[in-house]
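Computation of the quantities below employed the complete heavy-atom set of this structure, encompassing side-chain atoms and omitting hydrogens, waters and symmetry-equivalent molecules.
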Amino acid sequence: MPKMIVSIDGVVIKEVQLTKDRTTLGRRPYNDVVIDNLAVSGEHAVLQMSGNEVYIEDLNSTNGTYINGKAVKKQLLQNNDTIEVGKYKIKFMTEQPGPSYEKTLLMKPGMVPPGGPAAAPAPAADLEQLQASIKVLSGAAAGRQVPLVKVVTTIGKPGVAVAAITKRPHGFVVAHVEGGNRPTVNGAEIGNEPITLKNGDLLELAGTQMQFVQAA
């Protein structure tokens with residue numbers, strides 16, 4: 001089944017399965033794929049699936065839609081094509097990717113993500129030695145410790161504040177994904193660039209305080 005892997009500044013923030021004949025992409029919340037960024041038009045582009053073929057069509061967006069660096073109006077997508085929308089890059093894939101693109105998790109309002117299904121694929125060998133977790137310090141889930149077992153774990157409240165914690169070979173980084181309320185690390189707002197996390201760092205997201213804990 002075709003899928004799209006959305007990333008910004010090298011950080012994977014979401015994975016979307018293309019299950020419908022028509023999938024819309026844009027900044028407005030009613031789109032199938034919402035990218036909350038001012039460089040993205042309210043109704044930016046649409047993906048149309050016909051059998052095994054997927055076409056992307058730009059909907060007269062302000063900043064345009066690019067495929068592999070070239071501006072397009074409508075084009076048939078090929079496996080591993082890179083769609084560029086603003087600062088976001090969307091990799092189109094028609095084959096199952098490796099474990100580097102495990103599915104992300106979103107918290108329900110007031111909740112934190114579970115540790116993930118036990119049957120999830122193991123991370124790549126160079127990531128296996130990295131062990132860390134998020135400890136919830138406030139709210140209804142206070143005291144819960146959530147292992148960061150996936151390559152990308154997405155936390156937050158959709159529409160309010162969402163952040164992605166990505167496991168890299170030399171550590172973990174956190175990036176703001178969407179929402180007007182930017183998360184903070186040790187009291188400082190996360191900007192447009194991912195921030196490297198250190199053991200003991202305090203995160204606050206949508207009113208919930210958490211602590212990053214990394215094994216020595």
Side-chain angles (χ1 to χ4, degrees), residues 5-15 35-37 39 86-91 97-118 120-216:
I5 298 161
V6 186
S7 65
I8 182 169
D9 296 324
V11 177
V12 177
I13 59 173
K14 66 177 71 175
E15 178 183 305
I35 299 182
D36 185 13
N37 187 279
K87 291 184 178 181
Y88 288 78
K89 292 187 177 181
I90 305 170
K91 175 159 285 196
S100 295
Y101 296 113
E102 293 182 20
K103 290 184 179 179
T104 60
L105 301 170
L106 282 177
M107 293 192 304
K108 295 180 180 178
M111 299 294 290
V112 294
D126 58 348
L127 300 179
E128 286 181 350
Q129 296 181 1
L130 290 176
Q131 296 183 4
S133 61
I134 290 292
K135 184 177 182 180
V136 183
L137 303 179
S138 67
R144 180 179 297 181
Q145 195 140 333
V146 183
L148 299 174
V149 295
K150 291 184 173 294
V151 175
V152 180
T153 300
T154 309
I155 57 174
K157 297 178 182 178
V160 179
V162 178
I165 299 176
T166 302
K167 181 187 291 190
R168 291 183 173 175
H170 302 293
F172 292 78
V173 298
V174 60
H176 174 241
V177 176
E178 63 177 326
N181 299 320
R182 285 182 174 268
T184 63
V185 176
N186 299 326
E189 276 194 358
I190 297 176
N192 295 326
E193 299 293 327
I195 292 178
T196 300
L197 290 170
K198 301 183 296 296
N199 184 41
D201 278 351
L202 296 175
L203 292 83
E204 184 165 340
L205 183 65
T208 300
Q209 294 180 329
M210 295 164 277
Q211 185 174 35
F212 175 75
V213 181
Q214 184 168 0

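- Between the side chains of Glu189 and Thr184, no donor-acceptor pair is found at a separation under 3.5 Å.
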Distance-only donor-acceptor pairs under 3.5 Å for side chains of residues 190-206, two or more places apart:
from, atom 1, to, atom 2, distance (Å)
Asn192, OD1, Arg182, NH2, 3.2
Asn199, OD1, Gln214, N, 3.0
Asp201, OD1, Asn186, ND2, 3.0
Asp201, OD2, Lys198, N, 2.8

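- A distance of 7.5 Å separates NZ of Lys89 from OG of Ser7, quoted to the nearest 0.5 Å.
- Separation of atoms CD1 (Ile8) and NE2 (His176) is listed at 10.0 Å; rounding is to 0.5 Å.
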Stepwise side chain to side chain contact (heavy atoms under 4.5 Å, CB included) check, Thr208 with Leu137:
CA-CA 7 Å; Thr208 300; Leu137 303 179; over 6 Å; no
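- A search for side-chain contact (heavy atoms from CB on, under 4.5 Å) contacts involving Ala39 returns Asn37, Asn63, not counting sequence neighbours.
- For the pair Val152 and Ile165, the minimum side-chain heavy-atom distance is 4.5 Å or more.
- The distance from the CD atom of Gln211 to the OG atom of Ser133 is 9.0 Å, given to the nearest 0.5 Å.
- Contact detail for Ser138 and Gly207: the closest heavy-atom pair is OG-O, 3.9 Å.
- Contact between Tyr88 and Asp36 at its shortest, heavy atoms only, is OH-O, 4.3 Å.
- The side chain to side chain contact (heavy atoms under 4.5 Å, CB included) test with Thr166 is passed by exactly one of Val12, Thr153, Val173: Val173.
- Residues Lys150 and Leu148 fail the side-chain proximity criterion, which asks for heavy atoms closer than 4.5 Å.
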